[in-house]
Amino acid sequence: MSLIEARGICKTFNGRSGEHIPAVDQLSLAIEDEEFVVIVGPSGCGKSTFLQMVGGLERPTSGTLRIEGQPIDGPDSRCGIVFQEYLLFPWKTVQGNIAFGPSLRGLSKGEITSLCTHYIELVGLQNFASSYPHELSGGMKQRVAIARALANQPRVLLMDEPFGALDALTRESMQWELLRIWEDARCTVVFVTHSITEAVLLADRVIVMSKRPGRIKKDIAIGLPRPRT
Ligand code: ADP
Ligand code: ADP
């Protein structure tokens with residue numbers, strides 16, 4: 001059983017004049033545990049829609065989509081999501097943003113603090129735990145968003161063009177940073193980007209979508225298989 005299994009999934013949106021817009025059409029795809037999968041493809045080919053369906057934010061119109069063999073019935077703790085726009089809670093500090101998920105899971109105060117400390121250190125924001133999002137640079141905000149997603153200890157980290165709003169230098173340093181973070185987190189990553197360079201640097205596997213919604217043009221393994229420990 002694969003960690004994520006999509007079988008013939010379709011997603012259709014209703015356009016303004018009632019027309020049906022196929023965002024994903026008959027997509028079948030299996031993603032394994034601890035893979036780092038990058039999805040690239042032309043704008044509008046359904047990359048974000050696929051990610052949102054895996055994250056439970058959208059529901060497939062038809063077909064089956066499962067994580068660990070279980071259907072996805074809305075957002076749940078199996079997936080953490082990082083968006084291009086960060087989407088941090090502006091009224092919460094860095095620590096408050098990261099504690100949010102764990103605090104919903106009924107953990108003790110001590111457990112929440114130790115999760116926060118671990119993930120704040122992992123993303124290198126030890127000196128900013130009490131800062132508010134508006135006091136941080138774009139790269140730092142995205143580090144908070146990554147830490148917030150990981151603090152729920154998800155099986156899958158979904159990232160939708162996460163570095164797309166950053167300047168070129170910050171973007172490059174965040175790419176290396178993410179590889180380091182991922183070594184620690186050891187979850188499955190599904191990462192959407194427009195950048196082939198980013199895809200090749202980060203991925204174990206690159207899925208190239210075609211312009212036709214939901215069609216896979218190429219499915220490419222990158223580099224050597226990582227040893228499993
Ligand atoms: P990508 O991420 O590859 O750029 P998207 O998944 O965002 O593609 O979009 C796929 C198609 O679905 C596009 O034609 C887009 O306009 C349409 N679409 C996406 N979300 C919605 C929505 N909420 N309502 C209507 N159409 C949508
Ligand atoms: P990207 O290419 O980075 O995926 P988009 O501009 O295609 O960005 O989409 C950004 C967001 O807007 C997505 O969450 C998508 O679901 C939504 N969206 C895209 N197209 C439409 C549309 N035609 N109507 C409503 N929402 C849309």
Side-chain angles (χ1 to χ4, degrees), residues 2-31 35-67 71-76 78-88 138 141-142 145-146 149 154 156-168 171 174-175 178 182 187-220 222:
S2 300
L3 181 65
I4 303 172
E5 268 178 8
R7 289 217 190 124
I9 53 169
C10 299
K11 176 69 189 181
T12 309
F13 290 105
N14 292 319
R16 281 209 192 87
S17 29
E19 79 280 21
H20 294 295
I21 304 168
V24 170
D25 188 23
Q26 291 290 342
L27 177 69
S28 295
L29 175 64
I31 294 175
E35 264 188 319
F36 197 127
V37 177
V38 175
I39 303 179
V40 295
S43 201
C45 72
K47 305 182 295 295
S48 297
T49 303
F50 174 67
L51 229 55
Q52 289 178 9
M53 289 191 285
V54 176
L57 301 173
E58 293 282 1
R59 199 182 279 271
T61 314
S62 60
T64 59
L65 181 57
R66 294 171 189 270
I67 297 180
I72 300 164
D73 198 18
D76 67 48
R78 293 177 294 180
C79 291
I81 311 190
V82 174
F83 300 94
Q84 180 174 324
E85 310 81 10
Y86 324 123
L87 303 184
L88 300 176
K141 282 186 229 181
Q142 202 53 299
I146 292 168
V156 185
L157 179 63
L158 302 169
M159 307 187 85
D160 195 349
E161 192 72 52
F163 307 143
L166 305 174
D167 64 81
R171 183 170 189 157
M174 287 300 294
Q175 291 163 352
L178 177 61
W182 179 62
C187 56
T188 300
V189 180
V190 187
F191 186 110
V192 163
T193 182
H194 284 109
S195 161
I196 301 290
T197 322
E198 189 164 80
V200 171
L201 175 65
L202 294 174
D204 291 332
R205 177 180 173 199
V206 178
I207 293 172
V208 184
M209 307 282 289
S210 97
K211 207 169 176 69
R212 275 180 70 194
R215 294 301 161 101
I216 296 174
K217 203 168 188 156
K218 291 187 179 177
D219 190 336
I220 311 162
I222 303 261

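Each ligand, and each atom within it, is numbered from 1 in the order the structure gives. When a residue number appears, it is its place in the shown sequence, counting from 1. On a predicted model such as this, the values are computed, not experimentally measured, just so you know.
- Of the candidates Gly44, Ser48, Gly46, the one placing a heavy atom closest to atom 11 (C) of ligand 1 is Gly44.
- Counting the atoms of ligand 1 from 1 in the order shown, those under 4.0 Å from a heavy atom of Ala23 are 10 (C), 11 (C), 12 (O).
- Around CG of Asn14, the count of heavy atoms belonging to other residues, nucleotides or ligands within 6.0 Å exceeds 12.
- Among residues two or more places apart in sequence or in another chain, the side chain to side chain contact (heavy atoms under 4.5 Å, CB included) test is passed with Asp76 by Arg78.
- Using cut-offs of 30° and 60° on the angle between ring planes, the pair Phe191 and Phe36 is tilted.
- Checked against side-chain hydrogen bond (donor to acceptor under 3.5 Å, both in side chains), Glu198 has the following partners two or more places apart in sequence or in another chain: Arg171, Gln175, Thr193.
- Proximity of Pro71 to Leu65: side-chain heavy atoms (C-beta onward) are nowhere separated by under 4.5 Å.
- Residue Ser43 approaches ligand 1 through these ligand atoms, each under 4.0 Å from one of its heavy atoms: 4 (O).
- Residue contacts with ligand 1: Cys45 is placed with a nitrogen or oxygen under 3.5 Å of a nitrogen or oxygen of the ligand (distance criterion only).
- At least one N/O-N/O distance between Thr49 and ligand 1 falls below 3.5 Å.
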